[in-house]
**Q** 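Pasting a structure below so you can have a look.
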Amino acid sequence: MQNAVKPTETKESAEATETTESTEAPQGTGHAETAGSTYRVALVAFPGIRAFDVSVVTEVWGNDRTDRGVPAFDLHRVAADTTTPIPMRGGLALLPDRALSWLSRADLILVPGLDDYLTPAPAPVLEALRRAHARGTTLAALCGGAFTLAQAGLLDGRRAITHWNLINLLRTHHPRITVVPDALFIEDDNIWTAAGTAAGIDLCLHLVRRSHGAETAATIARAMVTAPFRTGTQAQFIEHPTPRADRDADTLAAVREHALRHLHEPLTVADLAAHAGMSPRSFARHFTAATGVTPLRWLLDQRIAAAQKLLERTDLPMPEVARRAGFGSEVTMRQHFASRLATSPRAYRAAFSTPPAIGADSPTGSVTGGSNPIAR
C-alpha cells in the first residue's frame, strides 16, 4: 500500500484559491518579496521524480519555523494532473495540490532529480517551465533534474552541472550544454543546477540564503543538522584510488577550527601551514586535496560568512564588522562583497538585517562559516 503525501487542501479549495489570489509580478532576482508577503515555492512533480529530492525541498521550505525567526513559505506541489497521486520509488506517492498554472505565481520553481535520468517529462511541464523562465522566475534543478531542464531546451548554450556520474550522459544527450564538472551548484541566466544528491541540500540552502539571508539559511541548516555551507566541489567525491592514508585529516580539521576561532586576526596561509606543522606548499596541496578549495579561498569564504552574520545580527559600524571578520579595513571588505556576492556590505545589511540577538556583539571566534562552492 502506498504512503501518499497528502496536501492540506482539497482540489476544490486549491482551485478556489487559484481564482481568488491576486496576481503578483514574477520575482526573478532571488530576493525576498516585500514585507508582509509570503515567498512562494513550487515543486514540479511528474512520474519518475526522486523521493529524496522531494523530501529535501519539503524539509527546507515546507516546515513552519516561524518560532525561530524563519519566514513562512508557501510551498505547493505542482503537476499537470492534480487528481492522480504520482508514484515514487520505495512505495511512496506524492499528491499534487496545484495545477501548472500556479507556476505563474511562484517566486521559485524547483525540479527534482529523476530515478531514470532519461525519463521524458510531460510536454505541458516542459512548456510551463519555458514560460516561467521567460517571465524571469528563478528555476532550480536538483541532481538529475538538469535533464528535465535540458529537455525543455532551457540549458542550451548555458552552463550546468549534474551528478558526477552523469556528466558524460548529459554531454552526450545534450551537446549544446556547457557542462561544468566540479561545482556543487551553478547558476546561469537565473537557472540553477546542482550536483548529485546531497548537493541538492547545498543548493536549496543557498537559495534560501540568497532570498532571505545567511541567518535564515543557517537556522534551517541547524534544524536539518547539516552545514549551512559545504567546502569544496564535487571533485572531492569522484571515485579514484586513494594514494595514501588520510593521516592528515585530523590535522587539517584542527587547522580549520583554529582559523574559525581566530578570524579576527590577520591570518595568512603561511600562518595556517605553521599551525599544521607543514611547509606552505605542502599544506596548500593537502588542504586543496581534502577540501576542494585552496586555503586562501577557504579563508576568504569564512571571512565573508562571518561578516554576513555580523551584518544581519548586529548594528556594529562597518569598520568594526570588517575588523572582526578579519578583512582589516572596510574598503577590503567592500571589494570582496562586490566580487563574491555582487552587493555591498551596506546593501546586504539593509536587505537582511534583523534585531541584534543577545550576545551578538561578542567576538566572532565561534561564528560558523563555510566556503562558497558556486561556479560563476
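In what follows, residues are counted from 1 in the order of the sequence shown.
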**Q** Let me see the working for D74 and Y39 under side chain to side chain contact (heavy atoms under 4.5 Å, CB included), right down to the final yes or no.
**A** CA-CA 6 Å; D74 189 18; Y39 194 75; over 6 Å; no

**Q** Please give me the minimum heavy-atom distance between P280 and A273, naming the atom from each residue.
**A** CA-CB, 3.7 Å

**Q** Does one side chain, of R209 or H206, offer a donor that lies under 3.5 Å from an acceptor on the other?
**A**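 Yes, side-chain donor-acceptor contact under 3.5 Å.
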
**Q** Could you tell me whether a side-chain N or O of E215 sits under 3.5 Å from a main-chain N or O of E312, the two making a donor and an acceptor?
**A** no

**Q** Could you go step by step and tell me if N190 and L139 meet the side chain to side chain contact (heavy atoms under 4.5 Å, CB included) rule?
**A** CA-CA 7 Å; N190 210 28; L139 305 180; over 6 Å; no

**Q** Please list all pairs passing the salt bridge (charged side-chain N to carboxylate O under 4.0 Å, His left out) test where one or both residues lie in residues 280-292, with sequence neighbours left out.
**A** none

**Q** Are F352 and H212 close enough that their ring centers fall under 6.0 Å?
**A**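 F352 vs H212: aromatic centres not under 6.0 Å.
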
**Q** Which one of R323, M318, E320 satisfies the side-chain contact (heavy atoms from CB on, under 4.5 Å) criterion with E330?
**A**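 That would be M318.
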
**Q** Which pairs of donor and acceptor atoms, one on a side chain in residues 42-55, lie under 3.5 Å apart (sequence neighbours left out)?
**A**
| from | atom 1 | to | atom 2 | distance (Å) |
| --- | --- | --- | --- | --- |
| R50 | NH1 | D53 | OD1 | 3.2 |
| R50 | NH1 | D53 | OD2 | 3.3 |
| D53 | OD2 | G113 | N | 2.7 |
| S55 | OG | A51 | O | 3.0 |

**Q** May I ask you to check whether T332 and S329 show a side-chain donor-acceptor distance below 3.5 Å?
**A**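 Looking only at side-chain atoms, S329 and T332 do form a donor-acceptor pair, the distance falling under 3.5 Å.
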
**Q** For T288 and T294, work out which heavy atoms get closest and say how close.
**A**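 Shortest heavy-atom separation between T288 and T294 comes out as OG1-CA, 3.5 Å.
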
**Q** Indicate yes or no: does E59 engage R65 in a salt bridge with an N to O separation below 4.0 Å.
**A** yes

**Q** Considering all heavy atoms of both residues, which atom of L142 and which atom of C204 are nearest to each other, and what is their separation?
**A**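 Minimum heavy-atom separation between L142 and C204: CD2-SG, 4.1 Å.
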
**Q** So that I can tick it off, tell me whether D301 and R340 are bridged by a salt bridge, with the cut-off set at under 4.0 angstrom between side-chain N and carboxylate O.
**A** yes

**Q** Side chain to side chain contact (heavy atoms under 4.5 Å, CB included) for F73 and N63? Distances and angles first, verdict last.
**A** CA-CA 8 Å; F73 300 116; N63 282 332; over 6 Å; no

**Q** Test of understanding: with salt bridge (charged side-chain N to carboxylate O under 4.0 Å, His left out), list the residues that count as partners of R303, not counting sequence neighbours.
**A**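 With neighbours one apart ignored, the set is empty.
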
**Q** Working to the nearest 0.5 Å, report the span between CG of L252 and CD of E257.
**A**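 That separation rounds to 13.0 Å.
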
**Q** Between L95 and T84, which heavy-atom pair has the shortest distance, and what is it?
**A**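 Nearest pair, atom of L95 first, then T84: CD1-C, 4.3 Å.
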
**Q** Nearest 0.5 angstrom please: E187 CD to T138 OG1, how far?
**A** 8.5 Å

**Q** What is the distance from atom CG of L154 to atom CD1 of I191, rounded to the nearest 0.5 Å?
**A**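 Output value for this atom pair is 5.0 Å.
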
**Q** Mind listing the closest non-hydrogen atom pair of L207 and W61 along with its distance?
**A**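 What the structure gives for the nearest pair is CB-CZ2, 4.2 Å.
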
**Q** So for atom CZ, which belongs to R176, do other residues, nucleotides or ligands contribute more than 12 heavy atoms lying within a distance under 6.0 Å?
**A** no

**Q** Output the distance between atom CZ (R40) and atom CG (L75), rounded to the nearest 0.5 Å.
**A** 13.0 Å

**Q** How are the rings of Y117 and F147 set to each other: parallel, tilted or perpendicular (split at 30° and 60°)?
**A** tilted

